[in-house]
*Asks:* 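The structure is given below, and queries will be raised subsequently.
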Amino acid sequence: MNVHAHFVAQLHGARPIADPAASDALVDVEDMTVTFRSRERVVHAVNGVSFSLRRGEVLGILGESGSGKSVTLRALMRLLPDHAQVGGKVVVAGHDVARLDESRLEDVRGRAISMIFQEPMTALDPVFTIGEQIAETVRRHEGCDRRTAEARALDLLDMVQIPSARRRLKAYPHEMSGGMRQRAMIALALSCRPSVLLADEPTTALDVTVQIQVLLLLRKLQKELGMAVIFVTHDVGAAIEVSDRLAVMYAGRFVETGTAIDMIETPRHPYTNGLLDSMLSGDKRGQRLETIPGAPPSLGQAPAGCSFAPRCRFAATSCTLALPEPTAFSPTHTARCFRMDTKAERFAMLADA
Amino acid sequence: MKPSADLPSTKSPAAEPRDRGGPAQPLLIVEGLRKHFPLKGLPFTRRPVVQAVDGVSFAVKKGETLGIVGESGCGKSTTARLLMHLIEPDAGTIVFDGDPVGGLRGISVRDLRRQMQMVFQDSYSSLNPRAQIADIIAFGQIAHGRDATEARERAHDLLARVGLAPHLFARRYPHELSGGQRQRVNIARALAMDPRLVLLDEAVSALDKSVEAQVLNLLQDLKQDLNLTYIFISHDLNVVRYMSDRVVVMYLGRIVEIGEVEALYRQPRHPYTRALLSAVPTLDPRRRTEAPPLTGDPPNPINPPSGCRFRTRCPFAEGVCADRTPILAAIGEGVDHAVACHMDTAGSGHSKAPAAPVSSLEAAE
Ligand SMILES: Nc1ncnc2c1ncn2[C@@H]1O[C@H](COP(=O)(O)OP(=O)(O)OP(=O)(O)O)[C@@H](O)[C@H]1O
Ligand SMILES: Nc1ncnc2c1ncn2[C@@H]1O[C@H](COP(=O)(O)OP(=O)(O)O)[C@@H](O)[C@H]1O
Ligand code: SF4
Ligand code: SF4
Ligand SMILES: [Mg+2]
Ligand SMILES: [Mg+2]
């Protein structure tokens, strides 16, 4: 416990890395686009995403495979390959990410923003012990001596609730179970006290009894450290357990955003409706599952109108002509759909027609 | 989608020409199945073994779906591979529709594989990347002696049956399909031999939710129309609840609980089943999970705990749990719900166990 207090106190101290002149949004993204262009093909992976995130907020991004979740996160860290073109504004902790030079970028990664992944081995180096890796990261970014760095590594393993932390410092990643490796990766990501943590499906590969432990750990650390977190997942339940706000992503756009309660209790976008209806919860035995017909678009061209139109049973001609702008249903709740009515009203109209 | 004409579509159980034991005879009976995998150890030490499956017994009734749940490494896939005879069991017997598999008077493994087929999770690696879809589906049939033209025709019918228009898909290669489409091909291939029992091992686990729903609907239709019996293995508790009639819960190579699906989900008896079910993330943002039901990871199956394997994580563990292995036993007479826990065993010595019946006390004296 006092380990945490100590760590939190450190975190609230001076943080040279955040630009004090910046607005209070830690992440500010406006009309971000990401296009991959290679000789063979073009992929419009992200097509105009805007959001901002303040200190202490958790945004969950929900979407199916290929909807652009990981590309969005990578763009925030400028971790995309050279053939990716990024458009729009991306500001993280006061830094215009597109303009940072390489050395400044290295500094921002880790100290202002860092990321955890589904597969911890992408972040961990198999030939060094967990303790060595964390201590080395701390030393590189903060220039402190070895002893201090090692002490910090121990604090961090305690903080992510790794049992017998002192012994685990000397363990290699392959000597740990999946859940322990995931905790070690979180410790590594937090080692330079980032103000923004990006989490890309960090619990998807874990067993259910371990997953809930890691989800609750993330929630707890986020609160204690006051971090802004973006949590990407395709699992509605996991998103609800950790997020304050949710964004549903489809074909590279946020089609609906709102609080978790907005989205679950009064979903507005037909895609969100479809996603929630196809979910299995409680006793649906014997009932046919609602499905969304067809498959997501190929993203070879930037879509002109609503990307969901080919699969949407409420689509009208107008839907394919222009892009629906976000409509606000409440100060927290928006959806990009020309049909402002609720699901029940839409179905009533279908029945009348 | 209409089933095509030459596929059996409206069989009733009685019309199944291959039925041998009658409706009351379980389609599959598994007794004492065991598989330990030896590992490389240090020289002059005892070779460590992974106790992947350690004494598993259950029956699958005709026409039902038996779900198997448990965390990774608990032995679900090993059980499936043992049933298919893809690996040899160390011990145990398998009886298919009354016929023991293997022995002198029983049916051969080859016959078993005609009647029992398997669909795996990884839809990509299980399809030959250089073969066209129709050939992939026809291949197994030809290997089992069916005429090539006939096998090809049947492949087209099956493609239509799983929702892939043959004129669009028959000549495609696996990499030209989405994950959901590839899984449909795997299902079509499994059905090509007219199996009676289909083993689905994490068959929808790699799919997106909206695609998963499509494939689950397809599986339900096929089961109805083709009069199939399923063993449905998954780590996803919601999917297993939706699909299954009865459910087996495994932990570290053993069955801890088995029962009718709603009884088991509504009133789980075994402490592990209870923890597992309450670890599922909530869908209600107003009631988020407050505390994880278990701490730590499942222990290593190389050196599983003595006695009850769950005792290292069980909040109710007592001395007896380390000393003796709890037996899987019905929780009441004639009840189709069995649990392996000393708390449910009369006279086990656990402080929460019911007292031993008088007769057995007398017997002990
Ligand atoms: N390096 C790349 N080059 C070309 N296309 C890419 C590249 N990385 C991603 N894409 C494409 O961009 C789109 C969005 O991919 P992204 O990885 O963000 O999806 P995702 O939402 O994270 O999906 P998943 O749930 O499968 O992880 C996809 O069509 C993908 O194929
Ligand atoms: N061929 C093998 N050699 C050694 N160990 C194995 C082998 N196959 C499976 N195991 C081990 O057996 C245990 C059960 O595995 P498995 O049946 O695949 O679990 P599940 O399907 O429930 O995740 C695991 O510890 C696994 O690592
Ligand atoms: S804009 Fe039109 S096509 Fe798009 S989701 Fe709304 S109703 Fe459907
Ligand atoms: S036998 Fe003992 S340790 Fe095992 S589940 Fe029952 S009470 Fe817990
Ligand atoms: Mg991704
Ligand atoms: Mg498995």
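Side chains included, hydrogens not; waters and symmetry mates left out as well; all remaining heavy atoms used. Residue numbering restarts at 1 for every chain, and letters A, B, ... go by the order of the sequence lines.
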*Asks:* Are the side chains of Val236(A) and Leu283(B) in touch, meaning some heavy atoms are under 4.5 Å apart?
*Replies:* yes
*Asks:* Could you pull out the closest heavy-atom pair between Gly296(B) and Val210(A), with the gap in Å?
*Replies:* O-CG2, 4.2 Å
*Asks:* Quick check on the interface: out of Ala213(B), Pro285(B), Ala275(B), Ser278(B), who has the most heavy-atom pairs with chain A under 4.5 Å?
*Replies:* Pro285(B)
*Asks:* Which value, rounded to the nearest 0.5 Å, describes the distance between Gln220(B) atom CD and Arg285(A) atom CZ?
*Replies:* 8.0 Å
*Asks:* Taking side chain as everything from C-beta outward and backbone as N, CA, C, O, which of these in Met263(A) sits under 4.5 Å from a heavy atom of chain B? Side chain, backbone, both or neither.
*Replies:* neither
*Asks:* Heavy-atom pairs under 4.5 Å with chain B are the metric here; pick the option from Gly237(A), Gly178(A), Ala295(A) that has the most.
*Replies:* Gly237(A)
*Asks:* Rounded at 0.5 Å granularity, tell me how far CD1 in Ile240(A) sits from CG in Asp284(B).
*Replies:* 7.5 Å
*Asks:* If you look at every heavy atom in Leu294(B) and Gln213(A), which pair is closest and at what distance?
*Replies:* O-NE2, 3.0 Å
*Asks:* Answer with side chain, backbone, both or neither: which region of Glu265(A) has an atom nearer than 4.5 Å to a non-hydrogen atom of chain B?
*Replies:* side chain
*Asks:* When you look at Arg313(B) and Thr209(A), which way does the side-chain contact (heavy atoms from CB on, under 4.5 Å) test go after all the steps?
*Replies:* CA-CA 11 Å; Arg313(B) 300 168 90 197; Thr209(A) 65; 3.2 Å; yes
*Asks:* Measuring heavy-atom distances to chain B, does Pro163(A) have an atom under 4.5 Å in its side chain, in its backbone, in both, or in neither?
*Replies:* neither
*Asks:* Would you say Lys209(B) and Ile292(A) make side-chain contact, with heavy atoms under 4.5 Å?
*Replies:* no
*Asks:* Do Pro281(B) and Gln211(A) come close enough that some side-chain heavy atom pair is under 4.5 Å?
*Replies:* yes
*Asks:* To the nearest 0.5 Å, how far apart are CG in Asp297(B) and CE in Met176(A)?
*Replies:* 9.5 Å
*Asks:* What part of Thr259(A) gets within 4.5 angstrom of chain B, counting heavy atoms only: side chain, backbone, both, or neither?
*Replies:* neither
*Asks:* Please classify the contact of Glu262(B) with chain A as side chain, backbone, both or neither, using a heavy-atom distance under 4.5 Å.
*Replies:* side chain
*Asks:* To the nearest 0.5 Å, tell me how far His235(B) NE2 sits from Leu206(A) CG.
*Replies:* 10.5 Å
*Asks:* Show the nearest heavy-atom pair for residues Glu71(B) and Val208(A), with the distance to one decimal.
*Replies:* OE2-N, 3.9 Å
*Asks:* Using atom types as modelled and distance alone, determine if a side-chain donor or acceptor of Glu241(A) lies under 3.5 Å from a backbone N or O of Thr289(B).
*Replies:* yes
*Asks:* Counting only N and O atoms by type, is there a donor-acceptor contact under 3.5 Å from the side chain of Arg286(B) to the main-chain atoms of Ile261(A)?
*Replies:* no
*Asks:* For Pro292(B) and Ile212(A), which heavy atoms make the closest approach, and how far apart are they?
*Replies:* CB-CG2, 4.0 Å
*Asks:* Answer yes or no: are there more than 12 heavy-atom neighbours, outside Gln301(A) itself, under 6.0 Å from its atom CD?
*Replies:* no
*Asks:* Let me know if Arg219(A) has heavy atoms under 4.5 Å from chain B in its side chain, its backbone, both or neither.
*Replies:* side chain
*Asks:* Checking Leu216(B) against chain A: side chain, backbone, both or neither under 4.5 Å from a heavy atom?
*Replies:* side chain
*Asks:* So which part of Ile264(A) gets closer than 4.5 Å to some heavy atom of chain B, the side chain, the backbone, both or neither?
*Replies:* side chain
*Asks:* Near Gln267(B) CD, under 6.0 Å, is it more than 12 heavy atoms from other residues, nucleotides or ligands?
*Replies:* no
*Asks:* Give, as side chain, backbone, both or neither, the part of Asp236(B) having an atom under 4.5 angstrom from any heavy atom of chain A.
*Replies:* neither
